[in-house]
Amino acid sequence: NAGVTQTPKFQVLKTGQSMTLQCAQDMNHNSMYWYRQDPGMGLRLIYYSASEGTTDKGEVPNGYNVSRLNKREFSLRLESAAPSQTSVYFCASRRLAGGVNEQFFGPGTRLTVL
Amino acid sequence: RKEVEQDPGPFNVPEGATVAFNCTYSNSASQSFFWYRQDCRKEPKLLMSVYSSGNEDGRFTAQLNRASQYISLLIRDSKLSDSATYLCVVERDDQTGANNLFFGTGTRLTVIP
(Lines give C-alpha, C1' and ligand atoms only; values in the text may rest on other atoms or scores of the structure.)
Protein backbone atom coordinates (compact mmCIF):
# COMPACT_ATOMS: atom_id res chain seq x y z
CA ASN A 1 0.00 0.00 0.00
CA ALA A 2 1.29 3.45 -0.90
CA GLY A 3 -0.80 5.13 1.83
CA VAL A 4 -1.37 8.80 0.98
CA THR A 5 0.37 10.16 -2.10
CA GLN A 6 0.64 13.77 -3.20
CA THR A 7 1.80 15.43 -6.39
CA PRO A 8 3.77 17.51 -7.07
CA LYS A 9 6.42 17.46 -4.32
CA PHE A 10 7.63 20.95 -5.18
CA GLN A 11 6.13 23.82 -7.15
CA VAL A 12 7.02 27.44 -7.87
CA LEU A 13 4.27 29.73 -9.13
CA LYS A 14 4.05 33.36 -10.07
CA THR A 15 1.40 35.54 -8.46
CA GLY A 16 -1.90 35.05 -10.25
CA GLN A 17 -1.15 31.61 -11.66
CA SER A 18 -3.39 28.69 -10.90
CA MET A 19 -2.62 25.10 -10.04
CA THR A 20 -4.11 21.93 -8.59
CA LEU A 21 -2.50 19.82 -5.91
CA GLN A 22 -3.39 16.17 -6.21
CA CYS A 23 -3.90 13.70 -3.37
CA ALA A 24 -4.85 10.04 -3.37
CA GLN A 25 -5.17 7.37 -0.69
CA ASP A 26 -5.43 3.61 -1.05
CA MET A 27 -6.58 2.79 2.49
CA ASN A 28 -10.32 2.99 1.77
CA HIS A 29 -10.73 5.86 4.23
CA ASN A 30 -13.89 7.94 4.08
CA SER A 31 -12.49 11.24 5.32
CA MET A 32 -9.77 13.30 3.68
CA TYR A 33 -8.16 16.63 4.60
CA TRP A 34 -5.99 19.42 3.29
CA TYR A 35 -3.70 21.33 5.68
CA ARG A 36 -1.08 24.00 5.32
CA GLN A 37 1.94 24.31 7.57
CA ASP A 38 3.76 27.60 8.05
CA PRO A 39 6.75 28.42 10.27
CA GLY A 40 5.67 29.27 13.81
CA MET A 41 2.15 28.00 13.21
CA GLY A 42 0.60 24.60 13.65
CA LEU A 43 -0.97 22.72 10.80
CA ARG A 44 -4.12 24.55 9.83
CA LEU A 45 -7.07 22.89 8.16
CA ILE A 46 -8.00 24.34 4.77
CA TYR A 47 -10.81 22.02 3.65
CA TYR A 48 -11.98 18.54 4.45
CA SER A 49 -14.25 15.89 3.00
CA ALA A 50 -16.06 13.68 5.48
CA SER A 51 -17.13 11.31 2.74
CA GLU A 52 -17.27 11.00 -1.01
CA GLY A 53 -19.42 13.78 -2.44
CA THR A 54 -19.11 16.17 0.51
CA THR A 55 -16.65 18.96 1.25
CA ASP A 56 -16.51 21.56 4.03
CA LYS A 57 -14.41 24.58 4.89
CA GLY A 58 -11.81 24.40 7.59
CA GLU A 59 -10.02 27.17 9.43
CA VAL A 60 -8.34 28.87 6.44
CA PRO A 61 -10.34 28.19 3.23
CA ASN A 62 -10.03 31.57 1.50
CA GLY A 63 -8.24 31.39 -1.85
CA TYR A 64 -8.72 27.63 -2.22
CA ASN A 65 -11.22 25.22 -3.72
CA VAL A 66 -11.41 21.46 -3.43
CA SER A 67 -12.87 18.50 -5.29
CA ARG A 68 -13.54 15.07 -3.87
CA LEU A 69 -13.33 13.26 -7.18
CA ASN A 70 -14.06 9.80 -5.73
CA LYS A 71 -13.32 7.97 -2.52
CA ARG A 72 -9.60 7.82 -3.28
CA GLU A 73 -8.87 11.32 -4.56
CA PHE A 74 -9.15 14.80 -3.05
CA SER A 75 -7.64 17.73 -4.93
CA LEU A 76 -6.87 21.29 -3.81
CA ARG A 77 -6.96 24.14 -6.30
CA LEU A 78 -5.44 27.59 -6.09
CA GLU A 79 -7.28 29.73 -8.65
CA SER A 80 -5.05 32.80 -8.40
CA ALA A 81 -1.97 32.18 -6.31
CA ALA A 82 -0.73 34.83 -3.88
CA PRO A 83 2.60 35.06 -2.00
CA SER A 84 0.66 34.46 1.24
CA GLN A 85 -0.08 30.95 -0.05
CA THR A 86 3.60 30.03 0.05
CA SER A 87 3.56 27.06 2.41
CA VAL A 88 3.88 23.33 2.79
CA TYR A 89 0.62 21.57 1.98
CA PHE A 90 -0.28 18.22 3.48
CA CYS A 91 -3.11 15.95 2.49
CA ALA A 92 -4.37 13.43 5.04
CA SER A 93 -6.93 10.67 5.33
CA ARG A 94 -8.55 9.39 8.46
CA ARG A 95 -9.02 6.02 10.02
CA LEU A 96 -11.40 5.90 12.94
CA ALA A 97 -10.64 2.67 14.78
CA GLY A 98 -11.46 1.98 18.40
CA GLY A 99 -12.31 5.64 18.86
CA VAL A 100 -8.84 6.84 17.82
CA ASN A 101 -8.91 9.57 15.19
CA GLU A 102 -5.63 8.71 13.47
CA GLN A 103 -4.84 10.73 10.41
CA PHE A 104 -2.34 9.50 7.85
CA PHE A 105 -0.47 12.22 6.02
CA GLY A 106 1.02 12.42 2.58
CA PRO A 107 4.64 13.57 2.09
CA GLY A 108 3.64 17.17 1.41
CA THR A 109 3.89 19.69 -1.42
CA ARG A 110 6.27 22.62 -0.95
CA LEU A 111 4.76 25.58 -2.78
CA THR A 112 6.45 28.91 -3.37
CA VAL A 113 4.51 31.81 -4.86
CA LEU A 114 6.68 34.63 -6.19
CA ARG B 1 -5.12 32.84 22.06
CA LYS B 2 -3.98 29.77 20.14
CA GLU B 3 -6.11 26.68 20.52
CA VAL B 4 -3.08 24.53 21.37
CA GLU B 5 0.09 26.01 22.85
CA GLN B 6 3.49 24.37 23.16
CA ASP B 7 6.96 25.50 24.09
CA PRO B 8 8.72 25.54 20.70
CA GLY B 9 12.08 24.65 22.21
CA PRO B 10 14.52 23.66 20.96
CA PHE B 11 15.32 21.08 23.60
CA ASN B 12 18.88 19.79 23.27
CA VAL B 13 19.49 16.79 25.50
CA PRO B 14 22.25 14.15 25.76
CA GLU B 15 21.57 10.54 24.90
CA GLY B 16 20.03 8.70 27.81
CA ALA B 17 18.40 11.79 29.29
CA THR B 18 14.76 12.11 30.27
CA VAL B 19 12.89 15.00 28.67
CA ALA B 20 9.35 16.27 29.18
CA PHE B 21 7.17 18.34 26.87
CA ASN B 22 4.09 20.23 27.94
CA CYS B 23 1.08 21.49 26.09
CA THR B 24 -2.05 23.42 27.00
CA TYR B 25 -5.33 23.67 25.11
CA SER B 26 -7.91 26.41 25.32
CA ASN B 27 -11.20 24.73 24.41
CA SER B 28 -12.71 22.70 27.23
CA ALA B 29 -14.90 20.90 24.68
CA SER B 30 -11.85 19.09 23.29
CA GLN B 31 -12.55 15.40 23.30
CA SER B 32 -9.41 13.48 22.41
CA PHE B 33 -5.72 14.16 22.58
CA PHE B 34 -2.65 12.97 20.75
CA TRP B 35 1.05 13.39 20.24
CA TYR B 36 2.31 13.32 16.67
CA ARG B 37 5.94 13.19 15.63
CA GLN B 38 7.30 15.10 12.64
CA ASP B 39 10.80 14.53 11.31
CA CYS B 40 12.56 17.33 9.47
CA ARG B 41 10.88 18.01 6.12
CA LYS B 42 8.59 15.00 6.54
CA GLU B 43 4.93 14.47 7.27
CA PRO B 44 3.50 14.15 10.79
CA LYS B 45 2.89 10.64 12.12
CA LEU B 46 0.86 9.54 15.13
CA LEU B 47 3.09 8.77 18.10
CA MET B 48 0.45 8.00 20.70
CA SER B 49 -2.97 8.87 21.99
CA VAL B 50 -3.33 10.47 25.41
CA TYR B 51 -5.83 9.18 27.96
CA SER B 52 -6.99 10.67 31.25
CA SER B 53 -5.55 7.76 33.16
CA GLY B 54 -2.16 8.26 31.55
CA ASN B 55 -0.63 5.79 29.14
CA GLU B 56 2.76 4.41 28.35
CA ASP B 57 4.33 3.02 25.20
CA GLY B 58 7.84 1.80 25.83
CA ARG B 59 9.98 4.80 26.72
CA PHE B 60 7.13 7.24 26.10
CA THR B 61 4.55 8.27 28.70
CA ALA B 62 1.65 10.63 28.03
CA GLN B 63 -0.54 12.32 30.63
CA LEU B 64 -3.72 14.39 30.41
CA ASN B 65 -5.15 16.72 33.02
CA ARG B 66 -8.59 17.80 31.84
CA ALA B 67 -9.15 20.14 34.79
CA SER B 68 -6.03 22.13 33.93
CA GLN B 69 -6.35 21.53 30.16
CA TYR B 70 -2.80 20.29 30.13
CA ILE B 71 -1.09 17.47 28.24
CA SER B 72 2.41 16.12 28.71
CA LEU B 73 4.82 13.75 27.02
CA LEU B 74 7.77 12.18 28.83
CA ILE B 75 10.58 10.48 26.93
CA ARG B 76 12.94 8.34 28.99
CA ASP B 77 16.40 7.13 27.96
CA SER B 78 16.49 9.42 24.91
CA LYS B 79 17.90 7.99 21.68
CA LEU B 80 19.44 9.84 18.76
CA SER B 81 16.48 8.62 16.70
CA ASP B 82 14.09 10.55 18.98
CA SER B 83 15.31 13.81 17.42
CA ALA B 84 12.21 15.32 15.80
CA THR B 85 9.45 17.84 16.36
CA TYR B 86 6.64 16.67 18.64
CA LEU B 87 3.19 18.03 17.89
CA CYS B 88 0.47 18.26 20.51
CA VAL B 89 -2.94 17.66 18.93
CA VAL B 90 -6.50 17.93 20.22
CA GLU B 91 -9.71 16.74 18.64
CA ARG B 92 -13.06 18.44 18.96
CA ASP B 93 -16.18 19.29 16.99
CA ASP B 94 -15.64 22.40 14.90
CA GLN B 95 -18.22 24.99 13.86
CA THR B 96 -19.74 22.62 11.28
CA GLY B 97 -20.11 19.82 13.81
CA ALA B 98 -17.36 17.76 12.26
CA ASN B 99 -14.78 16.09 14.45
CA ASN B 100 -11.46 17.64 13.49
CA LEU B 101 -7.89 17.91 14.74
CA PHE B 102 -6.17 21.08 15.98
CA PHE B 103 -2.39 21.13 16.05
CA GLY B 104 0.15 22.91 18.22
CA THR B 105 3.21 24.46 16.59
CA GLY B 106 5.43 21.66 17.86
CA THR B 107 8.37 21.28 20.21
CA ARG B 108 11.71 20.53 18.61
CA LEU B 109 13.94 17.94 20.25
CA THR B 110 17.57 17.24 19.41
CA VAL B 111 19.30 14.35 21.15
CA ILE B 112 23.05 14.84 21.25
CA PRO B 113 25.58 11.95 21.26
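The sequence lines fix the lettering, A, B, ..., with proteins before strands; numbering per chain opens at 1.
Under a hydrophobic clustering in which Ile, Leu, Val, Met, Phe, Trp and Tyr are joined whenever their side-chain heavy atoms come within less than 4.5 Å, directly or via other members, Leu43(A) and Leu111(A) fall into different clusters. Tracing side-chain contacts under 4.5 Å through hydrophobic residues (I, L, V, M, F, W, Y), one reaches Val60(A) starting from Val66(A); they form part of the same cluster. Tyr35(A) and Leu78(A) fall into different hydrophobic clusters, where Ile, Leu, Val, Met, Phe, Trp and Tyr residues are linked whenever their side-chain heavy atoms come under 4.5 Å apart, directly or through other members. Taken together through direct or relayed side-chain contacts under 4.5 Å among Ile, Leu, Val, Met, Phe, Trp and Tyr, Val111(B) and Leu47(B) form part of one hydrophobic cluster. A chain of hydrophobic side-chain contacts below 4.5 Å, direct or via other Ile, Leu, Val, Met, Phe, Trp or Tyr residues, connects Met19(A) to Tyr47(A).
Per-residue heavy-atom pair counts under 4.5 Å with chain A were compared for Leu87(B), Leu101(B), Val89(B), and the maximum is reached by Leu101(B). In terms of heavy-atom pairs under 4.5 angstrom with chain B, the leader among Ala92(A), Gly40(A), Ala50(A) is Gly40(A).
Nearest heavy atoms, Phe90(A) versus Gln38(B): CZ-NE2, 3.7 Å.
There is no contact between Gln31(B) and chain A, counting heavy-atom distances below 4.5 Å. Looking at Pro44(B), the atoms closer than 4.5 Å to chain A (heavy atoms on both sides) sit in the backbone and in the side chain alike. Neither the backbone nor the side chain of Lys45(B) comes within less than 4.5 Å of any heavy atom of chain A. Proximity to chain B (any heavy atom under 4.5 Å) is restricted, for Leu45(A), to the side chain, taken from C-beta onward.
Contact of the Phe34(B) side chain with the Gln103(A) side chain is not registered, since no non-hydrogen atoms from C-beta on lie closer than 4.5 Å.
Formation of a donor-acceptor pair under 3.5 Å by the Tyr33(A) side chain with backbone atoms of Asn100(B) is not found in this model.
The line from CZ of Phe105(A) to OH of Tyr36(B) is 5.5 Å long, rounded to the nearest 0.5 Å. The CD atom of Glu91(B) lies 6.0 Å from the CZ atom of Arg94(A); values are rounded to the nearest 0.5 Å.
Annotation: Arg44(A), atom CZ; neighbour count of heavy atoms from other residues, nucleotides and ligands within 6.0 Å is above 12.
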